[in-house]
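What follows is a set of notes on a single structure, which appears directly below.
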Number of protein chains: 2
Amino acid sequence: MTAEYEDDPAAAVLVALADPTRRRILDALAARGAATATTLAAELPVTRQAVVKHLAVLDQAGLVTAHRVGREVRYRPATPALAATARWMAGLADAWDRRLLAIKHLAESGGAVPPEGDEGGGAVE
Amino acid sequence: MTAEYEDDPAAAVLVALADPTRRRILDALAARGAATATTLAAELPVTRQAVVKHLAVLDQAGLVTAHRVGREVRYRPATPALAATARWMAGLADAWDRRLLAIKHLAESGGAVPPEGDEGGGAVE
DNA sequence: GCGATTAGCAACCCATCGGTTGCACGTTGC
DNA sequence: GCAACGTGCAACCGATGGGTTGCTAATCGC
């Protein structure tokens, strides 16, 4: 995880998980516990090089960690980034719900809707 | 949400949330409670047409719902899809954690690693 | 030491995606 | 009724992204 997404770690995770091949790689990785790019490529319909690129993306998102063992690089799934993004999304859903409810109440009581008294979950971007 | 992602609803949400402009649209939508494509385009650095396309993607992912009111179409954020995806991700993180722990234990006790006795969170794809 | 294996570049290809412009069609409202 | 406004559709464009091939460098096993 170098930079590129220093603002919002969730963004990197979302981009990483948006690709089906990347999800398959993570799946295979979680099943094995750890694997190399070459090993993963053997059971996927893509080249080793493609897997390498995907692993780089997953690494930047903090979804995998790489350990060098001799001549091979072993990748292992990392859960913290995933769990954090899950919490972020849940908090976002919650914030939306509360805000929509507040707007609805204010509309019924005839008052104007305050522009942004929100928090707890924060903005998306 | 027509089809296209009938297999895994989370995939559509992930793809939808992967784009920064789409996240901004959702953000603006949650702040207002509801808005039209034209209104949203006014405060975003893109054309109304671009917003329309993004709203279509968000709609397919179940992240917004559209209501026609006379000549205008009002979009409103929908939380269920978001909350569901959040739960899916949390469950996935959990499943990985358990599996990795099981592998570690088996490795320490010298046993072989069973191929896939897992559940509760399910596969990624 | 040498062949086999594995990782790391770099260049390239093509499809998709985000975005734009232009125009036709329904609503609204004076 | 007609002008103004908002939506819908289609064509087009440039950039990015997923994927490939080809080659070089490091490491292992014997």
Side-chain angles (χ1 to χ4, degrees), chain A residues 1-5 8 11-29 32 34-61 63-76 124-125, chain B residues 1-5 8 11-29 32 34-61 63-76 124-125:
Chain A
M1 230 203 285
T2 39
E4 180 94 16
Y5 285 111
D8 188 355
V13 174
L14 291 172
V15 170
L17 290 181
D19 184 80
T21 305
R22 233 125 56 197
R23 288 197 297 271
R24 285 189 64 179
I25 289 179
L26 280 177
D27 218 12
L29 222 46
R32 282 169 165 56
T36 67
T38 312
T39 304
L40 288 169
E43 69 168 309
L44 289 173
V46 295
T47 319
R48 177 189 63 102
Q49 286 305 327
V51 175
V52 169
K53 286 190 187 177
H54 283 309
L55 284 170
V57 174
L58 292 170
D59 185 40
Q60 284 206 346
L63 289 170
V64 300
T65 60
H67 318 59
R68 172 139 228 158
V69 182
R71 83 175 143 183
E72 63 184 19
V73 179
R74 206 153 262 154
Y75 287 89
R76 178 186 314 276
V124 181
E125 183 75 3
Chain B
M1 232 204 280
T2 38
E4 180 93 18
Y5 286 111
D8 187 357
V13 174
L14 291 171
V15 170
L17 290 180
D19 184 81
T21 305
R22 232 124 58 196
R23 289 197 297 271
R24 284 189 65 180
I25 289 179
L26 280 177
D27 218 13
L29 222 47
R32 282 168 164 58
T36 67
T38 314
T39 305
L40 288 168
E43 69 167 310
L44 289 173
V46 294
T47 319
R48 185 199 108 231
Q49 287 304 328
V51 174
V52 169
K53 287 191 185 178
H54 283 308
L55 284 171
V57 174
L58 291 171
D59 185 40
Q60 282 207 345
L63 288 170
V64 300
T65 59
H67 318 57
R68 173 139 227 158
V69 183
R71 81 177 143 183
E72 63 184 21
V73 179
R74 206 153 262 153
Y75 288 89
R76 180 184 314 275
V124 180
E125 182 77 7

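All values derive from a computational prediction rather than experimental measurement. In what follows, chains carry the letters A, B, and so on, assigned in the order in which the sequence lines appear, proteins first and then strands, with residues in each chain numbered from 1.
- When each of A:A50 and B:T39 is assigned the nucleotide of DNA chain D bearing its nearest heavy atom, the one mapping closer to the 5' terminus is B:T39.
- In this structure, the nucleotide among D:dT20, C:dG8, C:dT20 sitting nearest to the side chain of A:R48 is C:dG8.
- Here B:T21 reaches the OP1 or OP2 of C:dG19: one of its side-chain N or O atoms lies under 4.0 Å away.
- Closest approach to the A:T47 side chain among D:dG22, D:dG8, D:dG19 is made by D:dG19 (side chain taken as heavy atoms from C-beta onward).
- A straight line from CG of A:L58 to P of D:dG17 spans 14 Å, rounded to a whole angstrom.
- Rounded to whole angstrom, the span from the CZ atom of A:R23 across to the C1' atom of D:dG18 amounts to 14 Å.
- If you check every strand for non-hydrogen atoms under 4.0 Å, B:R22 touches sugar and phosphate atoms only.
- In this entry the distance linking CD1 of A:I25 with P of D:dG18 reads 11 Å, nearest Å.
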Legend entry - A:L40 and A:R24: CA distance, side-chain angles, deciding distance, side-chain contact (heavy atoms from CB on, under 4.5 Å) verdict: CA-CA 10 Å; A:L40 288 169; A:R24 285 189 64 179; over 6 Å; no
Hey, what are the protein-to-nucleotides 24-27 of chain D N/O distances that come in under 3.5 Å?
from: D:dT27; atom 1: O2; to: A:R71; atom 2: NH1; distance (Å): 2.9

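- Remark: A:T36 is not in phosphate contact with C:dT6, judged by side-chain N or O atoms under 4.0 Å from OP1 or OP2.
- Atom CG in B:D19 sits roughly 14 Å away from atom C1' in D:dG17 (whole-Å rounding).
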Expected list for residues 45-56 of chain B: side-chain donor-acceptor pairs under 3.5 angstrom, two or more places apart:
from: B:H54; atom 1: ND1; to: B:R22; atom 2: NH1; distance (Å): 3.2

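- Between B:Y75 atom OH and D:dG8 atom P the separation is 6 Å, expressed in whole Å.
- Scanning both residues, A:A16 and A:L58, for their nearest heavy atoms gives CB-CD2, 4.0 Å.
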Without placing hydrogens or testing angles, list every side-chain donor-acceptor pair under 3.5 Å for residues 63-76 of chain B, not counting sequence neighbours.
from: B:H67; atom 1: ND1; to: B:R74; atom 2: O; distance (Å): 3.4
from: B:R68; atom 1: NE; to: B:G70; atom 2: O; distance (Å): 3.3
from: B:E72; atom 1: OE2; to: B:R74; atom 2: NH2; distance (Å): 2.5

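- Here the P atom of nucleotide C:dA10 and the NZ atom of A:K53 are 12 Å apart, to the nearest Å.
- Taking every heavy atom of both residues into account, B:T36 and B:T39 meet most closely at OG1-OG1, 2.8 Å.
- Distance, B:H54 NE2 to C:dT16 C1': 14 Å, rounded to whole Å.
- Taking 4.0 Å as the cut-off between side-chain N and carboxylate O, B:R32 and B:E43 count as a salt-bridged pair.
- Rounding to whole angstrom units, CG of residue A:L40 and P of D:dG19 are separated by 14 Å.
- Checking C:dT6, C:dA11, C:dG19 against the side-chain heavy atoms of A:E72 singles out C:dT6 as nearest.
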